[in-house]
Amino acid sequence: MYEAAIDIGTNTMLMLVADISYEANSSRLRRIGEVVEDHIDFVRLGQGVHQNRSFAPEAMQRSLKCFHKYKEICERRKVSKVHAVATSASRDASNSKEFYDRVYSETGIRVQIIPGALEARLSFLGGLLPFQKPKNSVILDIGGGSTEFVAFSEKNQDVYGQSVDIGSVRATEMFLKENPYKKSSLEAMERHLKQLWQGIDLSLQLELRQKEWTGIAGTPTTLAGISLGLQTFDAKRIDGYRLDRCMVGDLYESLAIQTQAQRAAHPLMGTGRADIMVAGVAVLYTAMEFFGKPDIIISSRGLRHGVLLEPPTGLS
């Protein structure tokens, strides 16, 4: 039985189509089997949302086109259920309900805007690799509009975390307006990020300092691919790759002095990530530095996997 999960973020839309079954003797615990489709499209739905608090017409048009594309794929694969969730930019945009009503009327895909706490939980469930133990792990999810830190509480036997209102798109729009970037702009962004990390709940800060980190989403996976010398994305080589902090710092410095065109020439960045990559790496590097993390494990999995494992209520 194929099901689809669609993750509508600030910069990207992703769709995973996989065979879903249930664990033995359980009608609740789900298992992801064969993955038949795994797509990423750079629609930049969150374009200008930080400043205007609404979706731009051209961003909605790009995203609507992607919804139609995903609908056709689901029909071709005879998908029985589509679970679509929207995150940071959709939480902030005043016209998000109007847009998703239009999406439903045109495609039949119903989108649920999920809160940051649920996004964090599902990213944790979906992002961990098979060999990792939840109790020893922290998920760092760098999105376009927000960044999630998520850990597992042994006391409560559940995941918990914090969503911080900064991501690669939001930080770029706030600080990085030149091409190439000015040193003063980069330093202002770094100071702002460090202030945000200081505001994270103290109990979670302790977890972040003690446990091993796993990085999900485009920034860490792209960095891993660059470090590995890949010309095309290869999840099998990226999953489980370990990036050390010095390497992240070196990549940050080298990318920050390049022009946008120079970054776009790299096949793993292209035009969909070249303008926001430096801000994303700054999020990763300053967080690793602030919490004293020597390295981070990379996972190509994420929210879309968590949505298939534990679909939010109200979706069909």
Side-chain angles (χ1 to χ4, degrees), residues 2-18 20 30 32 37-50 52-123 125-127 141 143-146 148 163 165 167 169-170 216-218 272 301-316:
Y2 290 145
E3 295 186 24
I6 300 176
D7 168 8
I8 304 112
T10 302
N11 186 47
T12 59
M13 280 180 60
L14 302 96
M15 184 175 73
L16 182 73
V17 178
I20 301 298
R30 294 158 63 91
I32 297 175
E37 304 279 352
D38 197 359
H39 296 267
I40 179 170
D41 288 86
F42 297 93
V43 298
R44 193 66 60 88
L45 178 58
Q47 170 193 335
V49 165
H50 177 72
N52 304 318
R53 296 288 157 172
S54 65
F55 292 142
E58 60 270 28
M60 290 189 286
Q61 198 57 42
R62 290 192 301 267
S63 302
L64 193 58
K65 182 178 179 181
C66 188
F67 273 110
H68 281 284
K69 169 187 167 182
Y70 286 174
K71 177 191 177 185
E72 290 173 3
I73 293 170
C74 288
E75 288 177 344
R76 175 165 50 82
R77 287 291 185 180
K78 296 181 171 56
V79 167
S80 62
K81 293 183 180 179
V82 178
H83 313 279
V85 298
T87 56
S88 177
S90 298
R91 292 193 288 265
D92 293 344
S94 60
N95 58 345
S96 57
K97 183 182 184 303
E98 175 187 343
F99 173 59
Y100 291 125
D101 284 346
R102 182 182 173 191
V103 168
Y104 179 67
S105 69
E106 292 194 20
T107 68
I109 297 173
R110 193 180 298 279
V111 177
Q112 180 171 331
I113 301 171
I114 59 174
L118 181 56
E119 179 185 357
R121 172 182 174 78
L122 295 177
S123 295
L125 293 176
D141 181 2
S146 64
E148 280 70 47
S163 181
D165 209 21
V169 174
R170 196 183 299 269
I216 64 174
R301 305 184 185 198
L303 176 62
R304 63 201 188 282
H305 295 77
V307 168
L308 284 184
L309 287 171
E310 195 174 284
T313 57
L315 292 180
S316 59

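When the side-chain contact (heavy atoms from CB on, under 4.5 Å) test is applied to A86, the partners found at least two apart in sequence or on another chain are I8, S90, Y100, V111, I113. In this structure D92 satisfies the salt bridge (charged side-chain N to carboxylate O under 4.0 Å, His left out) test together with R53, R170, sequence neighbours excluded. The side-chain contact (heavy atoms from CB on, under 4.5 Å) check on S163 picks up R91, S146, E148, with sequence neighbours excluded.
Side chains of L122 and P312 form a contact here, defined as non-hydrogen atoms less than 4.5 Å apart. N95 is listed as a side-chain neighbour of M60, based on a closest heavy-atom distance under 4.5 Å. Two residues are said to be in side-chain contact when any heavy atoms from C-beta on lie closer than 4.5 Å; V307 and D7 fail this criterion. Inter-residue side-chain proximity for S63 and F99 is flagged as met; some heavy-atom pair is nearer than 4.5 Å. Side-chain atoms of T107 and H68, non-hydrogen and from C-beta on, do get closer than 4.5 Å to each other.
The CG atom of L308 sits 5.0 Å away from atom CD1 of I32, with the distance rounded to the nearest 0.5 Å. For the atom pair CG (L64) and CZ (R102), the distance works out to 5.0 Å, reported to the nearest 0.5 Å. Considering CG of L303 and CD1 of I6, their distance stands at 12.0 Å, rounded to 0.5 Å.
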Could you check K81 against I20 for side-chain contact (heavy atoms from CB on, under 4.5 Å), going step by step and ending with a plain yes or no? CA-CA 10 Å; K81 293 183 180 179; I20 301 298; over 6 Å; no
Between V49 and T10, does a side-chain contact (heavy atoms from CB on, under 4.5 Å) hold up when you go through it step by step? CA-CA 9 Å; V49 165; T10 302; over 6 Å; no
Carefully, step by step, assess R30 and E3 under the rule side-chain contact (heavy atoms from CB on, under 4.5 Å). CA-CA 12 Å; R30 294 158 63 91; E3 295 186 24; 2.6 Å; yes
side-chain contact (heavy atoms from CB on, under 4.5 Å) between R304 and D38, worked out: CA-CA 10 Å; R304 63 201 188 282; D38 197 359; 3.0 Å; yes
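Of all heavy-atom pairs between T87 and G9, the closest is OG1-CA, 3.6 Å. Between D165 and S88, the shortest heavy-atom distance links the atoms OD1-OG, 4.3 Å. Minimum heavy-atom separation, V103 to I109: CG1-O, 3.7 Å. The minimum heavy-atom distance linking R301 with G126 is given by the pair CB-O, 3.1 Å. The shortest heavy-atom contact between A4 and V17 is CB-CG2, 3.9 Å. Of all heavy-atom pairs spanning Y70 and M13, the tightest one is OH-O, 3.0 Å.
Remark: E98 CD is loosely packed, at most 12 non-hydrogen atoms of other residues, nucleotides or ligands lying under 6.0 Å away.
Of the possible donor and acceptor atoms, none in the side chain of R44 sits under 3.5 Å from a partner among the backbone N and O of A59. Between the side chain of S54 and the backbone N or O of A93 there is no donor-acceptor pair closer than 3.5 Å.
Partner of D41 under the salt bridge (Lys or Arg N to Asp or Glu O under 4.0 Å) criterion, chosen from K69, R62, K65: K69.
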